[in-house]
Amino acid sequence: MQVAQIIVDVPTRQTNNPYSYLIPESLEKQIQSGMRVQVPFGRRRVTGFVIGLSDKTSFDGKLKKISSLVDLSPVITPELLKLSEWMADKTFSFKISCLQTMLPGGMRTKFKKKLLATDQIRDTYPAIFHGQNEIDYDRQKFNNKTIAEILALRKSNQIKVHYELSSHAKPILSRAYKSKLNQQQIDHVLIDVQKRAVGQRRLLKMLYEQPSQTFLQSKLLHEGVGKQVLDTAVKQGWVTETQVRRIRNPFLQPVSKSYPLDLNEDQQTAVNRINNAIGKQTDTTFLLEGVTGSGKTEVYLQAMAHALSIGKTALMLVPEITLTPQIVGRIRSRFGDQVAMLHSAMSSGERYDEWQRINSGQAKVVVGVRSAIFAPLENIGLIIMDEEHDSSYKQSDTPRYQTRDVAKWRAAYNHCPVVLGSATPSLESRARAMKGVYQLIMLPHRFNNHALPHVSIVDMKDEMAHNRHILSKRLSNLITDRLEKHEQIILLLNRRGYSSFIMCRDCGYVPQCPNCDISLTMHKDTHTLNCHLCGHKEPIPTVCPKCHSKRIRHYGIGSQQLEEQVKDLFPTARVLRMDVDTTRKKGSHEAIINKFGAHKADILLGTQMIAKGLDFPEVTLVGVLNADSALQFPDFRSSERTFQLLTQVSGRSGRADKQGEVVIQTFNPDHYAIQLAKTQDYEKFYHTEMRIRHLGKYPPYYFTIKITGSSPSEKQTAYEMHQIAGFLRRYLTNKAIVLGPTPKTITRVNNRYFYQIIIKYRQEPKLKAALDDVLVKSQTKQQGGLLISIDNEPLDFM
DNA sequence: AGCACGCCGACT
DNA sequence: GTCGGCGTGCTC
Ligand SMILES: [Zn+2]
Ligand SMILES: [Zn+2]
C-alpha cells in the first residue's frame, strides 16, 4: 500500500509537518506530488498538498485514508515544492502558507462545513435552520447552547454534516457542437432536407466544409444557425453537444506585431552580457542600472527573445503600479500569444485562466507583479525584475518573502541569470554589485540624449506664511504659463501622509478608534468614520462629543481635495484625477491614460500611480506637492524612498525639443535626499546614504530581523517580550545587537498591544535556531496569549 | 485553526 | 448533584 505525505491546510506551528495518509486503490494511479487532496484531520475534513509519495511511513499510529483529489493534475511543480520548503524556513512561516501563496488567489480552497436536516428536524429547530434544509455551520454564529444541541443531534444521527469545497476559480464552459457525420453522410442527409429549411442547410454546409471542427454555439448563432435548428440537429443525430473551455482574455486590446529596435552601444553591451549568461546557463545576477529613458525595456525584450529562441521561458516582474496596459502591450507586441499576464487588478477568473495557460506550458513568457515569481513556468531561461528597488516586492504579510531572494533561488534551480533593473537601485543591490556579488551593467545615457529637466525646490515653510493653498506661488505661476502654451502638467500627491479626518474647531477634538490608537478617517461614500486598522465604523457626529460645539468639520488633503482646489484656481483647465477611487473599474486606468495622452486634458493629478512608467511627451511641468511625506516618519529607509520617488518623477518630464520643469514642494528643502534628487545624482546619494547606514549599523551593513509580539494586555506583552529579548541576548554572540522591546508606533490595534524587538547582526549561526525556539515556546506555553511574528529583513523598523 | 476533553465554580 | 465556562492538547 502506498502512502502520501501531506501538508494540511492548518496554519499552526504544531501542524507544520507532513502527515501520512493511505492512498485508496481507486486513486493510486492518478495521485501525484503537487496535487491537492481532501483528507480527514481529527474530526474534520481539510485540504492538503501532496508533497511526496512512498511505500512506508515513520508514523507508527493508525493511518487514515485520503478522501478524494481536488485537482486532476499537479498544481505545484516539483521545483515550487522545493521552493516552498526553503521559503517557509527563510521567512519563518508555515509551509501551508507558502504553498497557498504559490497559487492564484481564486484557486485557494476552503472547506465549508454544512449541516443537513430532514424536513422534520428543520421545522422542530427553526432557530437553527431558519426553515432551510441546509445551512452553513459557523461556530461563531451560534451560542454554546445551540452548539450543544447541534452536537447532540449529530450524535444521534438526526442531522448530517457534509463539507463543501469552495473556490472562485472556475473555468468558463461554452456550449459547442461537433459533427457526427462524414461528408458522404451529409450528402445523403441533404436529400431529405427541405429547401426552405435554410438554417439546417446552412449548418450542414458548415459541417461539410469543416468536418472535424467544433463549433461554438455563439459562432453558429452569428452565422444564422439558431438554437431550434441545433436542437433538431441533435435529435436527428447530426451533431453532438459538447462543452468548450473559454479562456478569459485579460488583454483589452489587440496589439500589432513589433520588431526589435536598434540598440545603442551601451544597450548592445548589456544585451550581449545577459545573453551570454543565458546561453552558458549560469545563475549570475546582473544589476542593470540605467537612468530613466535609457532604454532598459528594450534590453529586457531582446534578452527575453534570446531565451525563447533557445527553447527556454522568461519571467518578468514589474511593480504593481507600473504594470500598465502600455508596458504589457509592448511585451505582447513582441511575443504575441506566448505572453501570460498576472496582475492583481485582474479578476480571479482571468488570473486562473492565465495561470492555467502557464501551467499547461502554452505561455512561455510571464509578465506580472510580485506573486508572479511563483508562476509554474518550467525551463526558465531568464528572470527580470524591473524597478528592483520597489517596496512592493516585499510581501508585508506572511509569508514575508522578498521577491529578489525567491528570484535568485529559482535562478539557481533553473541555471539562468537574473536581471535587476532600476534607475535608482536599492542600496542592498548596489552594494552587492560593488562587492562583485552581482555584475553591474550601466546604461548612463538617455535615449536620443533627451535633456534632463530643470528641477526647483520650493520651501513650504516660507510659503505657508503668506499662502494657505496646497499649491505654491511658483507652481501656480508655472501652471498658468503651461496652460497658456497648451502644454501638459502632472501634479503628484504622495499617498503617504494622506489623511482625511474630522476635528472640532473649538476644542481640537479628533474622533479616535475605540479599539486602536489612531484617528478615525472620513469616508464620504458610506458617510461614516472608519478605522482602517480594525474596521470599526461609526456615524459622523454633527456636534462635538466633548464640547458640544457645532463647528466640527472635515480636514485633509487627498487627491479629491486637490482636484477641487486646482479647478478653483484654474477654472478653464481640463483636469483628470487618477487614484484608487477613479481606477477601480476595469479599463478606467487605461481610459484616463489614453485621454491624457491624446491631450484631451491639461492637468493630470493623482497619487503614486502616475509617478511611474508613463510617457507623455507633451508634459513639460511636473509638480510634487508633498515630496517629503516619507521623511515625516523617521526610519532608516525614508531617505532612500524619497530620493527614489523624486528621481523617478523628475525623469518623467523633459523631452528632446522642450525642456521639462519639475517643482518639488517640501518642508525639508535642505535634506540631502531632496537636494540630490534635484541634480539626479544617484552616485552621490549612494555614497552619502551608505555612510549613514554604516554609522547607524543599518542594512546593507547589517542583516536585520523584526520580532513583533502582541497580546490583549500591555503589561503581559511588555513582560513576555522582555523575556524573549533577554533570551536572545544570552543566546546570541555579543556582536549581535538586540534592540528593545519597544512599543510600536501604533501600540494598540484591535485592543491588542504591540511591542517589537529588532535584531541587527552580521554572522549568527545560532540565530535561526534561537528564533525557531522563540516561536515554538510562544505557541506551546501560550504565554498569556502572546502572538509572535517574525519579519526577516523588514522594510522598516516601525 | 477547530474540536473535544476535563476540571472547577455557580446554580437548580 | 449537573450545567457550562474556559484552559489544554491533539490532529496521520
Ligand atoms: Zn469640541
Ligand atoms: Zn480600530
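Chain identifiers are assigned alphabetically (A, B, ...) following the order of the sequence lines, protein sequences preceding nucleic acid strands; residue numbering begins at 1 within each chain. This structure is a prediction, so every number in the text was calculated from the model and none was measured.
Taking only side-chain nitrogens and oxygens, A:K64 never comes nearer than 4.0 Å to OP1 or OP2 of C:dT11.
Rounded to an integer number of Å, the gap from A:K777 NZ to C:dG9 C1' is 20 Å. Regarding A:R43, its CZ atom lies at a distance of 11 Å from the P atom of C:dC12, rounded to whole Å.
Contact annotation for A:R44: base contact, defined as any heavy-atom pair under 4.0 Å involving a base atom. Note on A:P40: only backbone sugar-phosphate atoms sit closer than 4.0 angstrom, heavy atoms only; bases stay farther off. Residue A:Y21 is classed as a sugar-phosphate contact, given heavy-atom separations below 4.0 Å to backbone atoms only.
A pairwise comparison of heavy atoms in A:P794 and A:F636 identifies O-CZ, 4.3 Å as the closest pair.
Classified by interplanar angle (parallel below 30°, tilted 30° to 60°, perpendicular above 60°), the ring pair A:Y761/A:F703 is tilted.
Counted by atom type alone, A:E764 and A:T733 present one or more donor-acceptor pairs between their side chains at under 3.5 Å.
With centroids closer than 5.5 Å and planes inclined by less than 30 degrees as the test, A:F41 and the base of C:dT11 pass as a stacked pair.
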Subject >> salt bridge (Lys or Arg N to Asp or Glu O under 4.0 Å) assessment of A:K768 paired with A:D89 >> reply: CA-CA 9 Å; A:K768 174 78 181 129; A:D89 199 56; 3.4 Å; yes
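The side chain of A:Q14 has C:dC10 as its nearest neighbour among B:dC3, C:dC12, C:dC10. Out of B:dA1, C:dC12, B:dA4, the shortest distance to the side chain of A:T12 is found at B:dA1.
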